[in-house]
Amino acid sequence: MKAAVVVFPGSNCDRDCAVAIERSTGAKVERVWHQESALPSGLDLIVLPGGFAYGDYLRCGAMASLSPVMRAVADAAERGVAVAGICNGFQVLCEAGMLPGALLRNAALKYVCTPIDLEVANGQTRFTAGYAGRREVTMTIGNGEGNFFADEETLDRLEGEGQVVFRYKANPNGSARAIAGIVSGRGNVLGMMPHPDRAFEEELGSTDGAILFQSVLASA
Amino acid sequence: MIAPAKPMAELALEYGLKSDEYDLIVRRLNREPNALELGVFSVMWSEHCSYKSSRKHLAKFPTQGPKVIQGPGENAGVVDIGDGQACIFKMESHNHPSFIEPYQGAATGVGGIMRDVFTMGARPIALLNALRFGDPSHPKTKRLVSGVVAGIGGYGNCVGVPTVAGETNFHRGYDGNILVNAMCVGLADADKIFYSAAPAPGLPVVYFGSKTGRDGIHGATMASAEFGEDSDEKRPTVQVGDPFAEKLLIEATLELMASGAVAAIQDMGAAGLTSSSVEMAGKGGVGIELDLDAVPQREEGMSAYEMMLSESQERMLAVLKPGREPDGRRIFEKWGLDAATIGHTTDTGRIVLKHRGQVVCDLPLAPLSDDAPLYDRPYVTPAKPPRLAPAHIPAPSDWNAAILTLMSCPDMASKRWLWEQYDRHVMADTLADSATAADAGVVRVHGARKALAVTSDCTPRYVQADPYEGGKQAVAEAWRNLTAVGAEPIAITDNLNFGNPERPEIMGQIVAAIEGMAEACRALDFPVVSGNVSLYNETNGVAIPPTPTVGAVGLIQDYGRRAGFKGLKAGDALVLIGETRGELGASLYLRELQGREDGAPPPVDLALERRTGDFVRGLIQAGAASVVHDLSDGGLAAAAAEMALASGVGVALNAPARDPHAQLFGEDQARYLIASADPDGLIAKAKAAGLASEVVGVAGGEAFLAEGLFNIALAALREAHEGWMPAYMA
Amino acid sequence: MKAKVEVFLKPGVLDVQGKAIEGALHGLGFGAVSGVRVGKTIEFELDGADKAKAENEVKAMCDRLLANTVIEGYRVDVG
Amino acid sequence: MKAKVEVFLKPGVLDVQGKAIEGALHGLGFGAVSGVRVGKTIEFELDGADKAKAENEVKAMCDRLLANTVIEGYRVDVG
Ligand SMILES: Nc1ncnc2c1ncn2[C@@H]1O[C@H](COP(=O)(O)OP(=O)(O)O)[C@@H](O)[C@H]1O
Ligand SMILES: [Mg+2]
């Protein structure tokens with residue numbers, strides 16, 4: 001099993017993601033600089049990590065979505081490789097048009113870092129199958145622009161097609177329909193604001209993130 | 001506008017030099033300096049760079065110890081944490097800038113202290129901040145709080161270093177001068193620590209990071225006609241932090257160091273290029289020559305003076321090993337940083353600056369640092385206030401109300417509103433943070449079983465009442481907070497915030513606080529390895545409460561054996577270790593419930609402190625205690641209430657027979673509260689160690705109570721404790 | 001040439017900043033204010049002399065980077 | 001009445017966003033761009049008919065809330 005974590009200038013959870021995947025799955029993880037135009041071969045998972053790529057200037061994820069590596073990421077997604085954008089990575093995926101919607105400023109206009117309970121809205125995806133029917137998981141969030149927005153029609157479609165994967169039990173940032181994470185129509189591209197990469201050991205308060213990485217690699 | 005022919009002696013005064021200091025410069029040089037040279041002297045001889053008022057007394061701190069690798073004098077202190085690893089840390093103030101522009105002031109404070117740490121080769125792994133604001137009702141306070149907090153979060157969150165602990169006080173004494181003290185803790189290999197001394201002549205001097213603009217140049221120095229064509233365009237501007245640039249700078253710096261190209265390195269902090277170049281050459285005993293035309297510039301037409309005094313952020317200066325410039329170029333390009341070779345080291349012992357083809361400054365280095373003025377400022381030793389006997393302080397008439405008032409007063413209330421704005425979890429090694437209910441932040445040493453505990457402490461009302469005891473107490477409380485999580489205290493950094501040292505009573509506070517701190521450091525084997533002094537914190541002749549903030553680091557060998565104050569279970573006994581006489585002088589109770597700030601602060605018996613702490617730490621390390629809380633503000637009642645709230649279980653305290661208010665609210669030092677299922681066993685152990693101990697209560701139910709005194713539903717207590725700050729900030 | 005781009009949220013997108021500012025203005029006693037919307041301006045210098053060409057170029061910048069057309073509209077002004 | 005406020009960083013104050021955007025535009029091949037500065041616009045409705053009075057009121061809003069006059073300047077347009 002093999003995974004890659006993309007590193008943009010300003011990414012700051014790239015190490016966390018690599019460590020979380022290694023510790024929870026034993027997979028080999030390579031870090032790929034954003035200027036690369038090709039990804040390593042034989043990947044089962046590509047992670048776009050959290051952080052503040054390009055300082056989050058202009059719009060979160062906007063400049064990163066134009067990095068050379070993103071073309072290769074989109075191609076891999078086309079081929080069905082699992083792609084997970086976590087926090088800033090979710091923002092990058094939306095900006096790149098690989099996921100619908102956008103992430104706006106939090107309703108309270110403040111950054112918020114807190115442990116949070118999530119409802120597993122779809123336990124059938126390759127990212128959530130490992131929860132084995134569990135409906136509730138816990139992770140932490142840390143974001144200032146995690147307020148998911150899409151027009152009503154898109155939201156209806158996301159819900160109708162089972163593309164909403166995680167929902168906040170208590171909405172921390174004003175996200176439409178309390179959405180915390182979604183997948184693409186084909187189900188292989190995940191975007192989520194909570195951090196599975198900070199929930200992979202008991203000492204960190206939760207191991208629910210480890211299960212997410214385990215299930216995606218089990219599906220590969 | 002000042003005429004170009006203005007005498008240098010007059011300009012010197014404008015630059016903040018005293019006239020005898022100016023005379024000294026002329027004697028040393030055997031000539032008058034030019035305006036730029038004068039600027040260089042004024043910066044190097046400023047209080048900030050030369051510590052001229054405090055240096056004599058700072059020498060009283062113990063700075064050595066078996067674990068100290070580098071004490072004060074470098075960018076940050078370095079201690080040995082075993083396994084070939086070192087912890088590098090320092091605290092620094094950004095008080096004045098934060099008052100002027102709270103967001104940018106606080107943000108650049110965080111950025112500056114991080115640079116001090118990664119300049120030495122460490123990856124920053126934790127941030128702390130100690131904040132003092134004015135009275136909540138002061139019209140400026142709310143805006144300052146929200147700006148400072150957003151700035152700290154905005155910078156630290158973006159760079160990706162967790163902010164894990166801190167402290168926040170409010171007092172009218174800070175109405176006109178808030179304090180923003182930021183601390184950074186980093187991790188490095190003990191054999192890969194980098195210093196600022198340039199080792200040899202003939203080496204390239206490389207500038208990298210952001211471009212230089214006209215940021216933060218002192219206003220008074222800017223009016224002079226000598227420097228400007230268009231003075232309006234050249235107004236000094238507030239420094240703006242770019243955390244994105246800082247993140248790139250960290251990665252590039254650590255990569256450059258790993259490449260083996262670095263001979264010496266120094267961040268550009270206060271007085272930017274001046275102090276970094278003077279210090280690198282001066283410490284190395286070499287000379288330095290810079291071509292200012294090569295400096296990456298953000299604006300057109302910058303003068304040499306502006307470039308040398310600019311405080312633009314996110315900039316570094318490195319002396320590279322011979323032939324290693326290509327390594328630098330490759331790395332700077334990868335990270336998208338501006339960079340240039342701007343000069344070289346020489347063997348002249350002088351600093352020579354060239355601009356537009358001319359030598360604009362040529363000074364011997366020695367006087368800049370060695371001859372910096374050293375003042376033995378006159379001081380008056382502060383008078384000791386009287387101890388207050390419990391009988392002379394009224395008990396509350398309504399105990400329920402008293403407890404609720406205390407737990408919701410600005411100093412005691414939960415600071416969730418602010419620390420929820422800090423990323424406390426990035427790097428995925430945080431084991432305890434502001435949300436955890438532990439007396440210190442705890443971060444793992446990445447990949448190891450060990451962890452670092454970090455805390456910042458000072459109780460300004462004690463220091464105000466008795467600077468000597470207050471200084472002792474600040475160190476003791478930091479030591480106690482580390483101990484309470486099970487850590488072995490290693491060393492401290494400090495940030496001495498005071499008023500105008502030219503006033504003998506303020507100087508008296510400084511001297512006494514330093515002496516008290518030094519005594520505690522000696523008694524607790526807790527050396528000072530770095531620090532910062534911030535003086536002149538006063539408005540209209542009214543100084544801030546003296547605030548010597550202590551930042552401390554300790555080591556936990558096995559993070560499986562540590563403590564916090566959450567996890568109290570119904571049926572657990574609460575055992576108090578330590579003696580309670582009921583010290584209410586300068587206590588929170590006295591201030592919040594009696595409206596008085598008089599009396600002597602609780603004395604610290606350092607030998608007892610050490611014995612008690614060693615005992616408690618031993619229990620934690622042996623796995624015999626894991627729910628532990630030290631007693632501080634608000635005494636036993638506050639500590640028990642915090643344990644109950646954190647654990648979500650009620651606590652019934654025993655109602656003391658005599659002076660219950662003094663017993664419950666007294667702030668006697670060297671005390672810990674431990675949850676125990678076997679209180680008799682614990683008390684026997686304490687007795688064997690020669691320590692006082694007793695059962696003071698039991699956990700259970702859903703109320704915080706003491707029979708016959710108070711009985712408050714946990715939910716109501718929580719609402720009071722959690723409610724104050726969000727309501728205030730709304 | 002000088003270029004100026006104004007970027008604003010599309011009508012259907014909740015403007016949380018605008019809402020917060022409106023609340024704060026009311027709190028300060030400016031009760032006559034309503035419908036606050038916050039936008040961004042991006043100004044820069046552009047080499048070249050052909051105005052029409054420049055305008056097209058700036059529009060391309062907007063589509064590719066300066067605006068997110070899922071949530072934002074823009075206006076371009078070159079001259 | 002409609003009011004429009006433009007808030008921008010004072011000259012000489014580092015514009016961190018502008019700097020990053022400029023780099024990104026160059027990276028996308030828009031090399032002719034320089035001196036990027038980012039500002040904010042705040043637009044709203046204002047009750048009342050007296051234009052001069054409104055202008056003064058909006059200026060007061062700027063000084064008290066909309067602009068951080070330590071580092072920012074502003075332009076007001078009412079009509
Ligand atoms: N400015 C701040 N930044 C981060 N954490 C803070 C800040 N102010 C207070 N806290 C957190 O709130 C908690 C209570 O603080 P305090 O009462 O000062 O603790 P102690 O009495 O143990 O020194 C601690 O976890 C502390 O880290
Ligand atoms: Mg404590």
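Letters go in sequence order (proteins before strands), and every chain restarts at 1.
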Between chain C and each of [options], count heavy-atom pairs under 4.5 Å; write down the option with the most.
| options | answer |
| --- | --- |
| Thr41(D), Val58(D), Leu66(D) | Thr41(D) |
| Met1(D), Glu57(D), Lys40(D), Met61(D) | Met61(D) |
| Gly48(D), Ala54(D), Gly18(D), Ser34(D) | Ser34(D) |

Problem set entry | Side-chain heavy atoms of Leu9(D) within contact of Arg37(D), under 4.5 Å |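 In short, these two side chains touch, coming nearer than 4.5 Å.
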Q. Would you call Ile21(C) and Val33(C) a side-chain contact if the rule is heavy atoms closer than 4.5 Å?
A.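 No, every pair of side-chain atoms sits at 4.5 Å or beyond.
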Closest-packed option against chain D by number of heavy-atom pairs under 4.5 Å, given Glu22(C), Gln17(C), Glu45(C), Glu6(C):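 Counting heavy-atom pairs under 4.5 Å, the top option is Glu45(C).
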Non-hydrogen atoms of chain C under 4.5 Å away: do they reach the side chain of Ala60(D), the backbone, both or neither?
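Answer is both: backbone and side chain atoms of Ala60(D) are under 4.5 Å from chain C.
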* To do: Would you mind checking which part of Lys2(D) comes under 4.5 Å of any heavy atom in chain C, side chain (CB onward), backbone (N, CA, C, O), both or neither?
  =>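 For Lys2(D), there is no contact with chain C at all, as no heavy atom is under 4.5 Å.
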Check the surroundings of atom NZ in Lys19(C): do more than 12 heavy atoms from other residues, nucleotides or ligands lie under 6.0 Å from it?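 Atom NZ in Lys19(C) is not crowded, with 12 or fewer foreign heavy atoms closer than 6.0 Å.
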Note to self: Can a donor-acceptor pair be found, under 3.5 Å and without considering hydrogens, that links the side chain of Asp77(D) to the backbone of Lys4(D)?
What the structure shows: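 Not at all, since once roles are kept as given, no pair shorter than 3.5 Å links the two residues.
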Please check if the side chain of Glu72(C) supplies one atom and the backbone of Asn68(C) the other of a donor-acceptor pair under 3.5 Å.
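Here the side-chain-to-backbone pair exists.
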